[in-house]
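These figures come from a predicted structure and were not determined experimentally. Letters A, B, ... mirror the listed sequences (proteins, then strands); counts begin at 1.
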Number of protein chains: 2
Amino acid sequence: MNTAEAEPTREGSLLLDDQLCFALYAASRAVTARYRPLLEALGLTYPQYLVMLVLWEQDSISVRDLGAALQLESSTLSPLLKRLEAGGLLRRERRAEDERSVAIRLTDAGARLRDQAEAVPLAIGDAMGLTPEEDALAKRLLRELTANVTAG
Amino acid sequence: MNTAEAEPTREGSLLLDDQLCFALYAASRAVTARYRPLLEALGLTYPQYLVMLVLWEQDSISVRDLGAALQLESSTLSPLLKRLEAGGLLRRERRAEDERSVAIRLTDAGARLRDQAEAVPLAIGDAMGLTPEEDALAKRLLRELTANVTAG
DNA sequence: CCCGATTGAGTCGTGCACAACTTATTCGTG
DNA sequence: CACGAATAAGTTGTGCACGACTCAATCGGG
């Protein structure tokens, strides 16, 4: 019998492999790395892809609402949106009814990119290799975790 | 009955809330944000904290082995270690037996910081609010996911 | 109607992450 | 032993993330 896992995970352990946070951090980076070559073919980074997912669902959204959907600050989104605009995928225009707000709208090229993006979730789902039940369970746990940790 | 979750999650969906990758990405950032004030009290960022966890477990480790443990490139670790060295928590010295390799060793201050760090996992475990079973399950799923996605 | 408080977007500075590359050292095979 | 391949660490450039801040527009109570 090996020594790994010989000790039960104690509450206040400082061992790296006992930390859920590290499993989460490592998994997040590994998944993003898996997306990278697929998204590079679309000319997108991973956070840019998430922005496009939101826009394909709801075009003409404010920076504020985009930030709420992705849980990102305007200080992250503003430069990112500027790069997507430079890439010709979207336009930004001040709203007439509230000049503080900026509406993000897809260009035709941005809307068309959706067709190419269809292949991405399929390829990733394949690579993840989880059963539909495991996938659903993981999403449930991660959302519960996010909600708990964000709250108090 | 509401419309959310009315549709079953389809395989190739492009809806943000169907993406496991986003649940993962959001959870990782939310957990890191929860660590931030705790670690700030120790003078550490989150990745720096992970490096210290490894060093508290195994002092005098090479940059290479540190990178293997954390799945980080030397281009990420080198500047990070330089900052920890500037903060007086560790020293870097070329190994005599292989001048290519650099050994990372804790200073007394670095070793002593462990005592203060003991409180961190307890506070976080509390905030996460998962049962021990859910915690173990989440770690299992995340490791399986990481392994699958890293492999092929 | 006014003026202080709030809100929405953006800028700036710091610190990751990672690809591509450089440099120095060591290894391995003829 | 020589010398090309491999390895360890570090540098550079790009793009997030986020806190602290600025600025302009809007809101709301008196």
Side-chain angles (χ1 to χ4, degrees), chain A residues 21-22 25-37 39-40 43-52 61-87 90-104 150, chain B residues 21-22 25-37 39-40 43-52 61-87 90-104 150:
Chain A
C21 71
F22 176 64
Y25 167 77
S28 182
R29 286 188 300 113
V31 167
T32 303
R34 187 70 180 214
Y35 271 91
R36 197 167 293 117
L39 296 179
E40 198 169 2
L44 295 174
T45 65
Y46 180 71
Q48 288 169 9
Y49 170 69
L50 295 180
V51 165
M52 294 304 289
I61 191 177
S62 66
V63 174
R64 180 199 130 84
D65 289 349
L66 199 50
L70 298 172
Q71 299 290 359
L72 289 171
E73 303 296 319
S74 72
S75 52
T76 298
L77 286 175
S78 285
L80 189 158
L81 292 170
K82 202 178 287 185
R83 283 185 284 270
L84 287 175
E85 186 177 36
L90 55 81
R91 274 188 292 270
R92 293 183 296 165
E93 34 192 74
R94 291 274 162 190
R95 285 194 202 280
E97 64 274 25
D98 185 343
E99 292 276 348
R100 290 173 303 181
S101 180
V102 165
I104 308 298
T150 303
Chain B
C21 71
F22 176 63
Y25 166 77
S28 182
R29 285 187 301 111
V31 168
T32 304
R34 187 73 180 211
Y35 272 90
R36 197 167 294 118
L39 296 180
E40 198 169 3
L44 296 174
T45 65
Y46 179 72
Q48 288 169 9
Y49 170 69
L50 294 180
V51 165
M52 295 303 289
I61 190 176
S62 65
V63 174
R64 180 198 128 85
D65 289 349
L66 200 50
L70 297 172
Q71 300 290 357
L72 289 172
E73 303 296 319
S74 72
S75 51
T76 298
L77 287 175
S78 285
L80 189 157
L81 292 169
K82 202 177 288 185
R83 282 185 284 271
L84 287 175
E85 186 177 36
L90 55 82
R91 272 188 295 269
R92 293 182 296 164
E93 32 193 76
R94 291 273 162 190
R95 285 193 203 280
E97 65 272 25
D98 186 343
E99 292 275 348
R100 290 173 303 180
S101 181
V102 165
I104 308 299
T150 304

Original post:
Nearest to the side chain of L72(B) - dA9(C), dC16(D), dC18(C)?
Top reply: dC18(C)

Subject >> 4.5 Å side-chain heavy-atom contact, L44(A) and L84(A) >> reply: yes

**OP:** Look at the side chain of S101(A) against the base of dA9(C) and say whether a donor-acceptor pair falls under 3.5 Å; ignore hydrogens and angles.
**Re:** no

Under 3.5 Å between N/O atoms: give me all the protein pairs with nucleotides 2-7 of chain D, atom names plus distance.
| unit_1 | atom_1 | unit_2 | atom_2 | d |
| --- | --- | --- | --- | --- |
| dT7(D) | O2 | R100(B) | NH1 | 3.3 |

Original post:
Short question: side chain of R95(A), backbone of A103(A) - any donor-acceptor pair under 3.5 Å?
Top reply: no

Original post:
Does A96(A) or P79(A) map to a spot on DNA chain D nearer the 5' end, using the closest nucleotide for each?
Top reply: P79(A)

**OP:** Check every atom of dA25(D), dT26(C), dG10(D) against the side chain of D98(A) and return the nucleotide holding the closest atom.
**Re:** dA25(D)

Original post:
With respect to the phosphate group of dG8(C), does any side-chain polar atom (N or O) of R95(A) fall under 4.0 Å of OP1 or OP2?
Top reply: no

**OP:** Would you indicate what T32(B) reaches in the nucleic acid, counting non-hydrogen atoms under 4.0 angstrom: base, sugar-phosphate, or nothing?
**Re:** nothing

Subject >> Among dT11(C), dA17(C), dA17(D), the nucleotide that comes nearest once only the side chain of T76(A) is considered >> reply: dA17(D)

**OP:** For dG8(C), take OP1 and OP2 only and decide whether either is under 4.0 Å from a side-chain N or O of R94(A).
**Re:** no

**OP:** Report yes if a side-chain nitrogen or oxygen of T45(A) is closer than 4.0 Å to either non-bridging phosphate oxygen (OP1 or OP2) of dC16(D); otherwise report no.
**Re:** yes

Original post:
Do S75(A) and dG19(D) have a side chain to base donor-acceptor pair shorter than 3.5 Å?
Top reply: yes

Original post:
Hey, does L80(A) reach any base, or is it just sugar-phosphate, or nothing, if we go heavy atoms under 4.0 Å?
Top reply: sugar-phosphate

**OP:** Starting at atom CG of L39(B), determine the distance to atom P of dT14(C), rounded to an integer number of angstrom.
**Re:** 20 Å

Original post:
Starting at CG of D65(A) and ending at C1' of dG8(C), how long is that distance when rounded to a whole Å?
Top reply: 11 Å

Subject >> Side-chain heavy-atom pair L81(B), E85(B) within 4.5 angstrom cut-off >> reply: no

**OP:** Specify the closest pair of heavy atoms between S101(B) and S62(B), including all atoms of both residues, with the distance to one decimal.
**Re:** OG-CB, 3.7 Å

Original post:
OP1 or OP2 of dA9(D) less than 4.0 angstrom from a side-chain nitrogen or oxygen of K82(B), does that happen here?
Top reply: no

Subject >> Any Y25(A) side-chain nitrogen or oxygen under 4.0 Å from OP1 or OP2 of dC16(C) >> reply: no

Original post:
Aromatic rings Y25(A) and Y46(B): how do their planes relate, parallel, tilted or perpendicular, breaks at 30° and 60°?
Top reply: perpendicular

**OP:** With the side chain of Q48(B) defined as its heavy atoms from C-beta on, choose the nearest nucleotide among dA25(D), dC18(D), dC16(C).
**Re:** dC16(C)

**OP:** Find out whether L39(B) and Q48(B) are in side-chain contact, i.e. whether some heavy atom of one side chain is under 4.5 Å from a heavy atom of the other.
**Re:** no

Original post:
With side chains defined as the heavy atoms from C-beta onward, is the minimum distance between V51(A) and L77(A) less than 4.5 Å?
Top reply: yes

Original post:
Of all the choices, dC18(D), dG10(D), dC16(C), which nucleotide is nearest to the side chain of R83(B) once you look at every atom?
Top reply: dC16(C)

Original post:
Taking only side-chain nitrogens and oxygens of S74(B), does any of them come within less than 4.0 Å of OP1 or OP2 of dA9(D)?
Top reply: no

**OP:** Measure from the side chain of V63(A), starting at C-beta and using heavy atoms only, and say which of dA25(D), dA9(C), dG10(D) lies closest.
**Re:** dA9(C)

**OP:** Let me know the distance between CD1 of I104(B) and P of dA8(D), rounded to the nearest Å.
**Re:** 14 Å

